[in-house]
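Step one of this worksheet: look at the structure below.
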Amino acid sequence: MPVCLLVRDDDSHHKPIQLHHQQAVTLGRGPETTIKDKKCSREQVELRADCNRGFISVKQLGTNPTNVDNVVVGKGNQVTIKPGQRLYMVNQMYPYTVKFTEETFTARSAAEGSKASKRSHRMSAEGNGEKTKSPADTTSTSDCSPPAKKTPPPGPDKPEFNGHWSQGLKVSMQDPKMQVYKDDRVVVIKDKYPKARYHWLVLPWDSISSLKALRPDHVDLLEHMQRVGDQMVQQCRDAHKPHFRMGYHAIPSMSHVHLHVISQDFDSPCLKNKKHWNSFTTDYFVESQDVVAMLERDGQVTVKEAASELLKLPLRCHECRKEQPTIPKLKEHLKTHQSV
DNA sequence: GTTCTAGAAC
DNA sequence: GTTCTAGAAC
């Protein structure tokens, strides 16, 4: 299937944004577009690519005008963009064009029809359609080692494009090799850099950019995510089953709402700094049930503006509240609470 | 989000 | 001298 790329068309030169087939993506002011203009909403447009038919549908979410060529889309309206047409994110500025290409960025001409750059052969298991696991099927061994690094930089003829790092979850959740559970509404993946022996992420298939985008009719979905998280905990057959917490980061770095399901041992080489620690052990970590309750009560979820300050708090043990001077000392201290 | 590294802390 | 953090770059 062709790959859809949204290419910035002025001199900002930010990397093209890859759109996955029929997956809604919200774009606006933010790191992916490098747009800092306050006239542009953080959720200015919703885009959905049809890679088979070769167009993108765009819906204007923000108040200020998004254009396709000279035509204003208008808030709430939806139009299509085809290759050759130009999308202006807001106020006739920040132009983008659409490209559909078979290959992910090749410096060499694709005209030769070279198939040499098909680097990875898909595993046969992937070919036979959906694999739908029960959560009970998942292995219980924690696999924390991040993928081998120090791979040589990709050659000029086959760089791999995965979009801005903040979009990484959207890529991972689509990868069958990452999925440990899925149903019609959510998918569960292991956190790529787990901060504890067990650390899963529950993600809705629907594109919900952040807690701020949650609406009252998402309550059902959030409760389902919580139930699936519960199931993940229940299927964990660790002899010394740790305590778990489920919740959301107040200000997550990664796009796409994701529920953390994390064991409270925090025994992981991937937990390396104060930000990691405080993001799971202060109020920066908002319990799933609190998010649901807030959404039911207020019809929306708001986080304290000062939430990011919580990440700078001194390192304090989550069990006994004792303050620790450094991360290595904290890790030593955590062992005193461990039953194994 | 991670990696890298300068320089602070010890 | 080494360890560790924090900020820049990605």
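The residues A/Glu332 and A/Lys335 are annotated as salt-bridged, a charged nitrogen and a carboxylate oxygen being separated by less than 4.0 angstrom. The existence of a salt bridge linking A/Asp50 and A/Arg48 is excluded, since no basic side-chain nitrogen approaches an acidic carboxylate oxygen closer than 4.0 Å.
Contact annotation for A/Lys195: backbone-only contact, meaning every heavy-atom pair under 4.0 Å involves sugar-phosphate atoms and none involves a base. Heavy atoms of A/Ser166 sit nowhere under 4.0 angstrom from any nucleic acid atom.
Atom-to-atom, CD1 of A/Ile251 to P of B/dG1 comes out at 11 Å; the value is rounded to the nearest Å. Rounded to whole Å, the distance from CG on A/Leu313 to P on C/dA6 is 12 Å. Rounded to whole angstrom, the span from the CG atom of A/Leu271 across to the C1' atom of B/dT2 amounts to 14 Å. Taking atom NZ on A/Lys15 and atom P on C/dA9, their separation rounds to 15 Å, with Å as the unit. In this structure, CG of A/Asn273 is placed 10 Å from P of B/dG1, rounded to the nearest angstrom. Between A/Leu315 atom CG and C/dT5 atom P the separation is 7 Å, expressed in whole Å. Rounded to whole Å, the distance from CG on A/Leu330 to P on C/dT5 is 10 Å. If you measure from atom CG of A/Asp191 to atom P of B/dT2, you get 8 Å, rounded to the nearest angstrom.
Closest approach to the A/Lys274 side chain among B/dG1, C/dA6, C/dT5 is made by C/dA6 (side chain taken as heavy atoms from C-beta onward). Minimum atom distance to the side chain of A/Ile327 is reached by C/dT5, of the listed B/dG1, C/dA6, C/dT5. In this structure, of C/dA6, B/dG1, C/dT5, it is B/dG1 that holds the atom nearest to the side chain of A/Trp165. In the set B/dG1, C/dC4, C/dA6, the nucleotide with an atom closest to the side chain of A/Met254 is B/dG1.
Between A/His249 and B/dG1 there is a side-chain polar atom (N or O) within less than 4.0 angstrom of OP1 or OP2. Between A/Lys272 and C/dT3 there is no side-chain N or O to OP1 or OP2 distance below 4.0 Å. Taking only side-chain nitrogens and oxygens, A/His276 comes nearer than 4.0 Å to OP1 or OP2 of B/dT2.
Residue A/Lys331 qualifies as enclosed at atom NZ: its count of foreign heavy atoms under 6.0 Å is above 12.
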Give the table of side-chain donor-acceptor pairs shorter than 3.5 Å for residues 285-295 of chain A, with sequence neighbours excluded, one pair per line with atom names and distance.
| residue | atom | partner | partner atom | Å |
| --- | --- | --- | --- | --- |
| A/Glu287 | OE2 | A/Arg245 | NE | 2.8 |
| A/Glu287 | OE2 | A/Arg245 | NH2 | 2.9 |
| A/Ser288 | OG | A/Gln226 | OE1 | 2.8 |

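Using cut-offs of 30° and 60° on the angle between ring planes, the pair A/Phe280 and A/His260 is perpendicular.
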